[in-house]
Asks: 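The structure under discussion is supplied below as C-alpha cells; questions concerning it will follow.
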Amino acid sequence: MENEDLPEAGVYKRSFDCKTESIPVILDFVEEVAASGGFDSSFSFDVKVSVDEACTNIIDYNCTAGSNIEISVETNNGDFIVTIKNYGEPFNPGTVSTPDISLPLEERQIGGLGVFLMNQLMDKIDYDSRDGLNVLTMVKTRQINP
Amino acid sequence: MKFDAKRDEGSTLNIDYRKQDSALVMALSGSMDSSSAPEFTKAVDNKLAGGESLFIVNLDNLNHLSSAGLRSVLVVLKKISSLKKNMYFISSNEDVNRIFKMAGVYNTMFNIYESEEAVFKKIRS
C-alpha cells in the first residue's frame, strides 16, 4: 500500500457481506487503516479483536439474510473510531451479562466473552438501534507515552 | 487509502508441523479468527487420528486471537485431556498473552511456556 496519498485523518468506509468469510477481509481493512494512521501493532491487535467480536456476533445472530455490514473507520488525532452498521435484529452488547471468568470457557454464556473482551480493549462503546438499523460505535484512544 | 478486498480464498491460519523427539510441534501463524479457529481443532483431530500423543503448540507468530480462537484452544485441550494425551502451549507473544490474561485462562486453565526449550526441559524432567 502506498502511503503518500494518505491523509493524516480521515474516514474510510467499506461494505462487507454479512458472512463469516468476511471476517478476515474486515480485519485486513481495519489493520490497514490503523497502520496508515501510525497506530502500533498492539493497538491494532486490540482493535481487531474488538471488531472481530462485534462482527462475529452480528454475523452469527443478527444478520438479515443477504444483508451487508457497513464499517467506517475514522482516525482523529489519537482516536480510532469504528462504526459498524447492519440491518437486523437489535443486539445491544451492553445487555450481555459479564461472564464469570472463573468458569471453564465452554460453560460461559455464548457471546459473553467476546463482549467482555470488547469492553476491556476499547475505551468507549455505544450502541443504538432504530427502525432495524443497528449502529455500534467503538472508540480506542492512543496512549501517549510520557 | 486504497484498500482492495482481495484475499486468497485459503485460510488465514497457517500451521507448520515439525517432529522433535516424540513431540509434534505445531507452529501457528496468522489469524485465529471466527472463520479460521475451527481449523486448529480439525488439525489436532487429524493428528490425534494419526497417532500423535504429545503436542507442542507455538503461538508466537499469531497476529490475531479472538474469543472464537480461545474457545477452540479450550475445546482442543478438553479433548486432549479426555484422551490422556499431552499438549503444551508456548507464547512469548505479548498481544496473545494479554488476551489470555483478560479471559482469565493464562496459567490458570492451562500453562503457557515462554519457549520450546522451556517445554522440552519440562517434558524431560
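Fair warning: this is a prediction, and the values are worked out from it, not measured in the lab. Reminder, nothing fancy here: chain letters follow the sequence lines and each chain counts from 1.
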Asks: Would you find more than 12 non-hydrogen atoms of other residues, nucleotides or ligands less than 6.0 Å from B:F110 atom CZ?
Replies: yes
Asks: Counting only heavy atoms not in B:K84, do more than 12 fall under 6.0 Å of its NZ?
Replies: no
Asks: Should B:V105 and B:I112 be regarded as members of a common hydrophobic cluster, given that ILVMFWY residues are connected when their side-chain heavy atoms come within less than 4.5 Å of each other, either directly or indirectly?
Replies: yes
Asks: Side-chain contact test, heavy atoms from C-beta onward, threshold under 4.5 Å: evaluate it for B:D33 versus A:P24 and give yes or no.
Replies: yes
Asks: Against chain A, label B:V73 side chain, backbone, both or neither, depending on which of its atoms sit under 4.5 Å from a heavy atom there.
Replies: neither
Asks: Please tell me whether B:L74 and B:I80 are part of a single hydrophobic cluster in this structure, the criterion being side-chain heavy atoms less than 4.5 Å apart.
Replies: yes
Asks: Without hydrogens or angle criteria, can the side chains of A:S42 and B:E94 be said to hold a donor-acceptor pair below 3.5 Å?
Replies: no
Asks: Measure from the side-chain N and O atoms of A:E53 to the backbone N and O of B:S67, and report whether any donor-acceptor pair falls under 3.5 Å.
Replies: yes
Asks: Would you give the length of the straight line joining atom CG of A:L121 to atom CE of B:M102, rounded to the nearest 0.5 angstrom?
Replies: 4.5 Å
Asks: Before giving the answer on side-chain contact (heavy atoms from CB on, under 4.5 Å), spell out for A:D52 and B:S34 the whole-Å C-alpha distance, their side-chain angles and the decisive distance to 0.1 Å.
Replies: CA-CA 8 Å; A:D52 181 344; B:S34 42; 3.5 Å; yes
Asks: Between atom OG1 of B:T12 and atom CD of A:E21, what is the distance when rounded to the nearest 0.5 Å?
Replies: 11.0 Å
Asks: I need the A:L27 CG to B:S36 OG distance, nearest 0.5 Å.
Replies: 9.0 Å
Asks: Can you tell me how far apart NZ (A:K19) and OG (B:S35) are? Round to the nearest 0.5 Å.
Replies: 11.0 Å
Asks: Check the pair A:V49, B:D95 against side-chain contact (heavy atoms from CB on, under 4.5 Å), reporting the backbone distance first and the verdict last.
Replies: CA-CA 10 Å; A:V49 172; B:D95 295 321; over 6 Å; no
